[in-house]
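Down below is the structure, laid out as structure tokens.
The model shown is predicted, which means the values in this text are computed figures rather than measured ones. Side chains included, hydrogens not; waters and symmetry mates left out as well; all remaining heavy atoms used.
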Number of protein chains: 4
Amino acid sequence: MKEFGEHGYSTGSLNTIAREAGIAKGSLFQYFNDKLEFFAFVCDEASRRIREEMERRMAAIDFDQQFDEWLFDVMCDWSEYMEAHPLERGVTAATNFELDNSVRSVVRDTANQHYLQVIHPTLQLWQEKGQIRADADLEVLATTILALLPFLALAPYYDGLDPIHGLRGRTPAQQRPVIRQLIAGYRPMFAPEK
Amino acid sequence: MKEFGEHGYSTGSLNTIAREAGIAKGSLFQYFNDKLEFFAFVCDEASRRIREEMERRMAAIDFDQQFDEWLFDVMCDWSEYMEAHPLERGVTAATNFELDNSVRSVVRDTANQHYLQVIHPTLQLWQEKGQIRADADLEVLATTILALLPFLALAPYYDGLDPIHGLRGRTPAQQRPVIRQLIAGYRPMFAPEK
Amino acid sequence: MKEFGEHGYSTGSLNTIAREAGIAKGSLFQYFNDKLEFFAFVCDEASRRIREEMERRMAAIDFDQQFDEWLFDVMCDWSEYMEAHPLERGVTAATNFELDNSVRSVVRDTANQHYLQVIHPTLQLWQEKGQIRADADLEVLATTILALLPFLALAPYYDGLDPIHGLRGRTPAQQRPVIRQLIAGYRPMFAPEK
Amino acid sequence: MKEFGEHGYSTGSLNTIAREAGIAKGSLFQYFNDKLEFFAFVCDEASRRIREEMERRMAAIDFDQQFDEWLFDVMCDWSEYMEAHPLERGVTAATNFELDNSVRSVVRDTANQHYLQVIHPTLQLWQEKGQIRADADLEVLATTILALLPFLALAPYYDGLDPIHGLRGRTPAQQRPVIRQLIAGYRPMFAPEK
DNA sequence: CATGAATGAGGCTTCATTCAT
DNA sequence: TATGAATGAAGCCTCATTCAT
């Protein structure tokens with residue numbers, strides 16, 4: 001996760017991985033047929049960990065509040081999780097920044113499934129609770145959140161992702177106003193008529 | 001543009017570029033000190049071309065309509081431009097998918113400046129025209145559009161970018177319903193009270 | 001036989017053999033001390049099979065005819081056998097095309113012994129029957145036949161072995177005219193005076 | 001020529017070649033796209049040298065004698081040439097012992113062309129001179145000689161090629177009786193009626 | 001007797017960059 | 001200004017063999 005997270009698929013070095021892991025180069029190929037299979041495994045593993053941890057955290061968040069408040073809490077947790085887990089964050093970057101389609105399609109589909117299996121039911125639940133307007137477009141909302149997640153995860157650590165709010169370099173605590181601003185901006189998309 | 005657009009910075013090969021351009025490998029280094037300087041130049045050039053062409057096209061779009069109608073026209077133009085210009089699209093992908101921060105910061109800032117110098121004044125103009133609600137958050141709107149542009153540019157051509165609306169593989173004409181849906185979804189963010 | 005026959009000794013892979021055989025890599029070394037011993041066993045086995053089958057077939061061929069007619073029948077059988085037994089044919093190629101002397105000497109001597117133990121007595125028999133001229137040089141005849149056998153076995157399946165008669169790609173039936181032509185050409189070497 | 005001649009295509013090492021040539025590994029690829037292209041070049045070069053030298057020598061051989069005497073002289077020259085040129089001999093072995101069809105077809109066709117462009121016209125010439133029987137089959141004769149050449153070139157230096165006459169280890173001078181015996185054995189194939 | 005993970009040397013090839021011409 | 005051969009490090013991957021289980 002460290003090597004691939006820092007350098008991505010094509011620039012990540014199996015030699016380096018073997019050296020830092022203290023095993024022989026050839027040993028890597030006992031478990032994976034080639035570099036791509038290895039990378040895919042690492043990405044799957046990271047996606048799974050991220051999802052499991054986030055589900056655990058979300059279960060602890062107060063469900064008896066307005067949707068935008070709840071979303072704010074979730075996104076702050078997300079922000080803190082990513083700050084505390086540089087390995088998972090690195091792999092998230094590696095999958096989001098992969099250019100090669102044949103590599104990308106292998107790793108992105110898995111990640112997207114994990115995300116959507118959380119996002120879709122959650123949005124429906126909130127709509128049923130009446131906290132999301134009945135005529136809101138859940139697909140557009142899901143797309144927005146699906147884009148917001150890597151944005152919040154990476155913008156504080158990678159240059160050029162957020163030239164508007166200036167997330168780059170901010171701690172999770174310092175990110176909170178921006179998160180609040182973004183959710184407030186999106187609020188009309190889902191907010192029920194008063 | 002072809003080589004870097006297809007393979008990105010680190011995987012793009014100067015050997016290949018020289019070979020396909022029909023010039024000597026050494027000649028590249030007459031004009032650029034190293035690979036990064038070359039890549040930066042290519043990205044700048046692409047960003048400039050994209051911006052100029054889009055400004056030209058936007059000037060031809062009817063300004064006497066509602067903001068969301070106008071935005072729809074612009075985004076359709078953007079979609080058609082990207083379909084017609086695979087080289088520029090490739091470089092767009094290469095800059096958006098670059099993982100290495102020291103490379104990324106060089107190319108993204110330029111691109112973002114180009115984008116924002118168009119987006120910011122435009123949004124202000126539409127707000128002054130009263131077509132964007134006075135209390136709408138122009139920053140969040142700008143961030144949304146800044147994310148929407150690469151999304152629409154790349155999702156039809158790269159796997160795993162849009163698992164919700166299924167833009168992958170669609171022609172510009174087939175993308176139009178999705179563009180309309182997205183803008184309709186975003187509409188409450190800026191739409192003036194009726 | 002499959003792996004060594006297709007790729008020869010040095011390029012043949014014990015890993016592949018174990019994988020395709022469905023046994024563990026280590027198990028190979030329970031029965032053979034090293035790769036060469038294994039290869040030698042496979043070649044011996046193939047030589048033995050080839051010899052036994054050809055002796056069986058030769059026993060069924062009419063012995064009451066002229067030597068060249070008989071030889072034609074034998075060679076056609078040989079041609080058909082090789083077509084029907086790609087594994088044995090492959091090993092034949094592997095032993096004939098082995099460059100490394102230390103490997104070659106191990107496998108060729110066995111094969112040659114098998115061939116000569118059939119060829120020598122047979123030629124003597126035919127000479128005693130008076131169908132081979134008394135002053136014919138049986139050694140040269142044996143050498144000729146010893147060269148003819150791999151030639152007929154492999155030329156239809158390997159490039160560049162027969163640039164004159166064009167055996168490459170021919171079915172056994174299509175090889176028959178060439179076989180007849182070759183034996184007719186050799187005929188003066190052994191034919192008794194009329 | 002040394003490395004490929006000793007170990008053949010697949011076992012020959014580019015690392016070794018570069019090291020013994022005193023150049024960098026990468027430099028090999030300035031002139032050849034891959035190993036096969038390199039090997040093909042080496043084989044072509046060797047074939048050309050062999051042909052040119054043999055044509056030079058054949059021009060010095062007395063043409064006013066019987067065909068079998070002339071052939072004996074040529075084959076003795078061939079035997080001496082191969083003894084004096086271990087590099088060319090090695091490459092000859094490498095092309096004759098190559099198992100991989102895709103490699104083999106590349107190098108054998110060239111070699112065969114060189115051989116046949118000498119053999120065919122020569123045989124015709126001798127037939128016109130009346131030294132080869134009018135009804136002799138020149139194709140079979142050519143095939144015989146085409147097989148005799150690598151046999152004489154390699155049998156003295158490689159195990160298991162000649163289990164009958166025992167050429168292995170013989171000097172050119174010691175090979176002469178065998179060469180004479182072989183040609184005497186083949187003589188009836190072409191000798192004119194007395 | 002069977003297993004299969006571990007090894008580490010070696011395989012071919014690509015790369016950005018230099019520099020003498 | 002243009003060239004392109006030379007470099008040598010680094011890339012991924014395969015290999016036969018060992019050995020503790």
Measure the spacing between CD1 of A:Ile50 and CD of A:Glu45 and express it to the nearest 0.5 Å.
->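 So the gap between those two atoms works out to 10.5 Å.
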Inter-residue atom distance C:Met1.CE - C:Thr92.OG1, 0.5 Å rounding =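 It comes to 8.0 Å.
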Rounded off to whole Å, could you give me the [atom1]-to-[atom2] distance for the [X] and [N] pair?
X	N	atom1	atom2	value
B:Phe4	E:dC15	CZ	C1'	12 Å
A:Asn33	F:dC12	CG	C1'	13 Å
A:Asp34	F:dG11	CG	P	17 Å
A:Leu28	F:dC15	CG	P	17 Å
C:Tyr31	E:dT3	OH	C1'	12 Å
C:Leu36	F:dC15	CG	P	18 Å
C:Phe32	E:dC1	CZ	C1'	15 Å

Taking the six-membered ring for Trp, are D:Phe97 and D:Tyr158 parallel (under 30°), tilted (30 to 60°) or perpendicular (over 60°)?
->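 Ring orientation of D:Phe97 relative to D:Tyr158: perpendicular.
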Using the ring of each side chain (for Trp, its six-membered ring), is A:Tyr9 parallel, tilted or perpendicular to A:Phe39, with breaks at 30° and 60°?
->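 A:Tyr9 and A:Phe39: tilted rings.
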Check whether any side-chain heavy atom of C:Ser13 lies under 4.5 Å from a side-chain heavy atom of C:Glu3, and answer yes or no.
->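 Side chain of C:Ser13 against side chain of C:Glu3, heavy atoms only: contact under 4.5 Å found.
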Are the side chains of C:Arg104 and C:Leu99 in touch, meaning some heavy atoms are under 4.5 Å apart?
->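 No, side chains not in contact.
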Mind listing the closest non-hydrogen atom pair of A:Ala40 and A:Val107 along with its distance?
->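 Between these two residues, the closest heavy atoms are CA-CG1, 4.1 Å.
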Looking only at non-hydrogen atoms, find the nearest pair between C:Arg89 and C:Met82 and report the distance.
->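 For C:Arg89 and C:Met82, the tightest heavy-atom pair comes out as NE-O, 3.1 Å.
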side-chain contact (heavy atoms from CB on, under 4.5 Å) partner of C:Arg108, the single match among C:Thr95, C:Asn101, C:Val103 |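 Of the listed residues C:Thr95, C:Asn101, C:Val103, the side-chain contact (heavy atoms from CB on, under 4.5 Å) partner of C:Arg108 is C:Thr95.
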Members of residues 10-25 of chain D that approach DNA chain F, where some heavy atom sits under 4.0 Å away =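 Those residues are D:Ile23, D:Ala24, D:Lys25.
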What residues in residues 96-103 of chain D put a non-hydrogen atom under 4.0 Å from any atom of DNA chain F?
->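 None, since no heavy atom is under 4.0 Å.
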Is D:Phe38 touching bases, backbone alone, or none of the nucleic acid, heavy atoms closer than 4.0 Å?
->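 Touches nothing.
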What are the atom names and distances for every N/O pair under 3.5 Å that joins the protein to nucleotides 19-21 of chain E?
none

Residues forming a side chain to side chain donor-acceptor pair (under 3.5 Å) with C:Ser27, sequence neighbours excluded =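 C:Ser27: no side chain to side chain donor-acceptor pair (under 3.5 Å) contacts found.
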List in chain and number order the residues that pass side chain to side chain donor-acceptor pair (under 3.5 Å) with A:Thr110, two or more places apart in sequence or in another chain; answer none if no residue qualifies.
->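 Listed in chain order: A:Asp44.
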Do B:Phe29 and B:Phe38 make the cut of ring centroids closer than 6.0 angstrom?
->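 They do not qualify: ring centres at least 6.0 Å apart.
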Could you write out DNA chain E as a dot-bracket string, with dots for unpaired bases, | for bases paired across to another strand, and Watson-Crick or G-U pairs counted at under 3.5 Å?
-> .||||||||||||||||||||
Output, in order, the C-alpha distance, side-chain angles, deciding distance and verdict of salt bridge (Lys or Arg N to Asp or Glu O under 4.0 Å) for A:Arg49 and A:Glu53.
-> CA-CA 6 Å; A:Arg49 287 193 199 180; A:Glu53 175 64 16; over 6 Å; no
Map B:Ser27 and A:Glu3 onto DNA chain F by nearest heavy atom, then report which one ends up closer to the 5' terminus.
->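 Closest to the 5' end, via its nearest nucleotide, is B:Ser27.
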Would you sort out whether A:Arg168 and A:Asp159 count as a salt bridge (Lys or Arg N to Asp or Glu O under 4.0 Å), showing the intermediate values?
-> CA-CA 7 Å; A:Arg168 179 72 171 96; A:Asp159 292 321; 2.7 Å; yes
Residue whose closest nucleotide on DNA chain E lies nearer the 5' end, B:Lys35 versus D:Lys35 |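 With B:Lys35 and D:Lys35 compared, the 5'-side residue is D:Lys35.
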